[in-house]
Every structure is written in structure tokens, then in C-alpha cells.
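Since the structure comes first, as C-alpha cells, the remarks are kept for the end.
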2 protein chains.
Amino acid sequence: MPATTDQEAALRIASGRKPFVEPLRLGERLKEIRLANRWTLDSVSQRTGLARSTLSKIENNQISPTFTAVQKLINGLGIDLPQLLSPPKTQAHTLGRRDLTRSGDGQQHPTPTYEHELLSCQLAQKRMIPFKTIVRARDFREFNEWVRHDGEEFLIVLDGCVLLFTEFYEPLRLEQGDSLYFDSDMGHALVSISEQDATVLSVCTSSEIALESAAARSCS
Amino acid sequence: MPATTDQEAALRIASGRKPFVEPLRLGERLKEIRLANRWTLDSVSQRTGLARSTLSKIENNQISPTFTAVQKLINGLGIDLPQLLSPPKTQAHTLGRRDLTRSGDGQQHPTPTYEHELLSCQLAQKRMIPFKTIVRARDFREFNEWVRHDGEEFLIVLDGCVLLFTEFYEPLRLEQGDSLYFDSDMGHALVSISEQDATVLSVCTSSEIALESAAARSCS
DNA sequence: ATGACAAGTTCACTATAGGAAACAAAGTTT
DNA sequence: AAACTTTGTTTCCTATAGTGAACTTGTCAT
């Protein structure tokens with residue numbers, strides 16, 4: 001069905017437009033993802049709210065889904081659009097790296113209010129920086145400066161209860177198991193509101209700056 | 001039609017509530033691009049082959065374009081999809097995103113042997129994919145296939161005790177608090193060796209098939 | 001003002017995407 | 001092997017996306 005007409009092509013040529021990108025084979029890719037997960041059309045239907053028949057037709061390129069349908073797909077399946085559009089992948093078998101950090105064996109960076117423990121620091125060239133932070137119990141009035149660094153950050157409370165401040169939003173009260181994903185160039189700060197220290201696990205994207213700002217205040 | 005305001009969106013994000021979709025504001029973004037280039041609806045119509053009226057309705061969120069229409073836009077205007085989907089840049093750069101997931105409120109993806117809970121899945125375009133996995137107690141002889149996906153993975157045991165197999169190395173016994181960073185295109189697999197289920201938090205670098213492969217091996 | 005033009009919106013209609021149910025094919029159970 | 005289940009396809013209908021034409025609005029020229 002999705003066949004670009006000669007008229008369109010003529011228009012494009014006449015207007016000096018650049019050659020068009022190859023039509024994205026949405027159907028094949030969707031089917032690939034579905035099969036890789038051992039999902040049935042029915043289960044995908046339940047997850048996405050789209051009818052089984054609709055999914056079948058999309059997979060077989062019999063219809064072109066509306067954008068809302070695409071949204072339902074990416075939301076329901078928990079995938080990304082780039083992922084949905086990327087062509088089938090061939091696996092490259094390289095010798096992988098791995099870096100074990102036993103509990104408590106990370107690199108310690110104590111500061112007055114935080115206690116950072118850098119994890120997996122044997123490995124250079126990582127795309128993520130994981131670290132544990134112990135937030136000492138304190139009066140939250142002490143908080144006076146935003147932490148801010150390039151990239152994105154994921155954070156989950158392992159123990160205790162914290163108040164998480166971020167720019168532009170109200171503070172959040174996070175308890176054990178609660179997690180937050182945010183743009184870390186947005187100012188943020190943690191305060192423990194339990195009587196004891198709280199422990200938080202964070203993972204930042206991207207190298208230096210993340211490490212620098214997150215652990216930085218360590219060295220005085 | 002469905003015209004959610006920025007304010008509403010901010011409120012929804014701030015409140016952290018929400019079992020459903022973050023609507024991508026395609027219309028605003030398209031209009032923004034068009035105006036930035038001093039294009040008229042007519043010229044865009046010629047470039048893309050879409051009717052002037054159709055473009056108007058898309059810009060005003062009166063219809064949800066089909067995927068073929070989106071492709072015509074991308075091709076005709078010489079832009080790429082991420083560009084089209086990036087939020088209207090009015091405040092987007094100053095206002096950071098954040099996505100709260102309360103404990104247990106992630107997107108559940110149960111399988112026979114694992115129980116995946118996708119965290120922070122309201123946020124598209126992330127560079128990391130965080131998820132919790134409950135590894136059901138079982139005989140590890142059942143493990144017979146590697147999980148393998150592009151990118152890097154960080155993993156920490158929240159509860160219980162697991163045996164982690166990776167290609168090229170010996171298996172590792174990981175207990176609560178132990179963590180591992182590894183190249184995830186290297187085959188890996190988890191087996192619980194505690195009497196109870198074990199809980200593991202993983203963070204994958206984005207893009208590829210993080211969920212797909214992570215959830216894949218479910219059925220043997 | 002008023003006509004002329006240009007840019008955008010709305011209308012009326014056609015094409016097609018989405019959904020319910022019937023169908024087909026293959027696997028299970030009895 | 002017949003009855004049933006499960007998974008994917010096809011059919012038919014309705015909801016809606018896409019189109020050309022009519023309509024509206026704004027700007028400019030005279």
C-alpha cells in the first residue's frame with residue numbers, strides 16, 4: 001500500500017529535493033522484536049491496546065499505522081522508536097569486558113554530607129557511571145546548592161528515605177525501591193529525612209563530568 | 001482534539017502518577033520547524049506531497065498522521081525522526097525531564113523464569129534502560145542460552161543470591177550489594193541460587209534491544 | 001475603503017486504518 | 001482421531017486520515 005507515486009517523485013525531482021530515504025520497513029522490525037521476545041500477537045495486543053488483526057496487518061505491511069498506534073507500540077512494549085526503526089542487527093562476537101565490585105569494595109569518596117562509593121572503577125571507557133551514595137541524616141535547610149552535570153541520571157533508593165529536590169519541580173519524597181530518571185543538567189540535591197542515613201544507587205551517563213560533579217565535592 | 005498543555009504535562013510528571021503515555025507533540029514541533037525555515041504550508045505541501053489541509057490538521061493536532069505521512073515529512077523536509085520528535089524547544093532545554101517510578105509501579109513483563117519490571121518507562125529517548133528483575137529460584141541446569149545485546153550493562157543484586165554466567169569467564173556468585181559492569185554483547189545469564197527468588201537491578205545503555213534480549217530467554 | 005493576493009482553516013468527500021468476529025492452520029488433550 | 005486450544009490471517013464494517021475546493025483572515029497597493 002505505501003507506494004510513493006510517480007507524481008510525488010516528479011515533484012521531488014522538479015523541486016531539486018534530495019533523494020529520499022528508503023522507506024522504513026516497520027513491519028519486519030516489529031515482528032522481529034515480537035518474536036525475539038517470544039510474544040504472541042495476543043499478548044502484544046493486550047500490552048498495546050491494539051487489535052490482534054491490526055498488529056498482523058502492520059507486521060505484514062498491509063497498513064501504515066497511525067502515529068498514535070506507533071506510540072501505543074513503543075509505550076506498550078517498552079521500546080524506543082529508534083529501536084523500532086533500526087534495521088535487523090547482526091551480532092558481533094567480541095571478547096567482552098567485565099568488572100566486579102563486591103559490596104562495600106567500591107572506591108570511597110567521603111564528604112561532609114554525602115558518602116560516595118564509586119562502583120566498577122576498574123573499567124575505563126564506560127558509558128555509565130554507577131555509584132552508591134550514603135546520604136547522612138541532616139537538617140535539610142543545609143541544602144544550598146544544586147548538583148548539576150551533563151547527561152542523564154537514574155537513581156533508586158536502596159535504603160532509608162530521602163527528599164529529592166530538582167529544579168523546576170516540587171521535591172519528591174522517595175522511599176526504598178522508588179526510583180527516578182532525570183536530566184542531570186537540571187539542578188538536583190538529596191537530603192535524608194529518615195532518622196538514619198539513607199543509601200541511594202545512582203547511574204549517570206557519560207564519562208568525566210558525571211564523575212566529576214557527582215563525586216567531586218569529595219576532595220576538598 | 002487531544003491538546004495536552006505543557007503545564008499539564010509538567011504536572012503529570014511532577015506528580016509522578018501515571019500509568020500511561022506521554023503524548024508526543026508532533027504538531028507543535030512540525031510547525032516550529034516549518035516556521036524556523038520560513039516555509040509556508042504550500043511549500044511544505046509541495047516538498048512532501050501531502051495536502052495543505054492535511055498539514056494544517058497535523059500541526060493543530062487534529063489528526064494523527066499515518067506513518068507513511070511521517071515518512072513523507074521526514075523525506076520532504078530533509079529532517080530526521082529524532083529531530084521531529086524532540087520536544088518543542090520553547091522551554092525544553094531549560095526545563096529538564098524527570099520520571100518517577102514508585103516501588104513496584106514499573107511496567108511488568110513476567111516470564112516463566114524471570115519477572116522484569118521496567119522502570120522509568122514514561123520517558124522516551126533515554127540513554128539508559130533501568131529495570132528490576134526477579135530471578136525465580138530454579139535449578140540452574142535449566143539455563144541453556146545466552147542473553148546478548150548491544151551496549152553495556154550495570155547490574156547490582158538487591159536481594160538474594162544469584163549465579164551470573166558470562167561468556168569467556170567463570171561464573172560469579174553475587175550476593176546482596178555485589179555489582180558487575182560488563183559488555184552486554186558478551187553472552188550472560190542469571191540463575192538464582194538462593195532458596196528464594198532474587199532481585200537484581202540492571203541498567204543497560206540505551207538503543208538496542210535491551211528489553212528484547214533481557215526478557216527474551218524467558219521460555220526455554 | 002476596496003480589490004487583489006497570499007497564507008491558513010474548514011468543509012465535504014474519498015481512501016484507508018483500526019476493531020470484532022469469522023476463518024485457517026497447527027498443536028494439545030482426551 | 002475427534003474435540004478443543006492457540007496463533008496468525010482474512011473479512012467486513014466504522015472511524016478517521018488525507019484530499020481538493022470553498023471559506024476566512026491578514027496584508028499590501030492603489
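Atom set for the values below is all heavy atoms of this structure, side chains included, hydrogens, waters and symmetry mates excluded. Keep in mind it's a predicted model, so treat the numbers as computed, not measured.
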If I take atom [atom1] in residue [X] and atom [atom2] in nucleotide [N], what distance separates them, rounded to the nearest angstrom?
| X | N | atom1 | atom2 | answer |
| --- | --- | --- | --- | --- |
| A:Leu41 | C:dA25 | CG | P | 17 Å |
| B:Leu50 | C:dT14 | CG | C1' | 16 Å |
| A:Phe67 | C:dG18 | CZ | P | 13 Å |
| B:Leu26 | D:dA17 | CG | C1' | 14 Å |
| B:Lys72 | D:dT19 | NZ | C1' | 11 Å |
| A:Asp42 | D:dT9 | CG | C1' | 13 Å |
| B:Asn60 | D:dT24 | CG | P | 18 Å |
| B:Asn61 | D:dA17 | CG | C1' | 14 Å |

Would you say [X] places a side-chain N or O within less than 4.0 Å of OP1 or OP2 belonging to [N]?
| X | N | value |
| --- | --- | --- |
| A:Ser56 | D:dT9 | yes |
| B:Arg34 | C:dG8 | yes |
| A:Thr54 | C:dA17 | no |
| B:Gln62 | D:dA17 | no |
| A:Arg52 | C:dA20 | no |

Practice problem: Indicate yes or no: does B:Arg34 engage B:Glu59 in a salt bridge with an N to O separation below 4.0 Å. | Solution: yes

Quiz item: Could B:Lys31 and B:Glu28 be called an ion pair, given the rule that one side-chain N must be under 4.0 Å from one carboxylate O?
Solution: no

Can you say whether a donor on the side chain of [X] sits under 3.5 Å from an acceptor on the base of [N], or the other way round?
| X | N | value |
| --- | --- | --- |
| B:Thr40 | C:dA6 | no |
| B:Ser53 | D:dG20 | yes |
| B:Lys57 | D:dT19 | yes |

Quiz item: More 5' along DNA chain C: B:Glu59 or B:Thr66, using each one's nearest nucleotide?
Solution: B:Glu59

Quiz item: What's the spacing between B:Arg136 CZ and B:Glu115 CD if we round to 0.5 Å?
Solution: 4.5 Å

Quiz item: CD1/A:Ile129 to CG/A:Leu119 distance, rounded to the nearest 0.5 angstrom?
Solution: 10.5 Å

Quiz item: Looking only at side chains, do B:Tyr181 and B:Glu152 share a donor and an acceptor under 3.5 Å apart?
Solution: yes

Exercise. Determine the contact category for B:Leu55: base if any of its heavy atoms lies under 4.0 Å from a base atom, sugar-phosphate if only primed atoms, P, OP1 or OP2 are that close, otherwise nothing.
Key: nothing

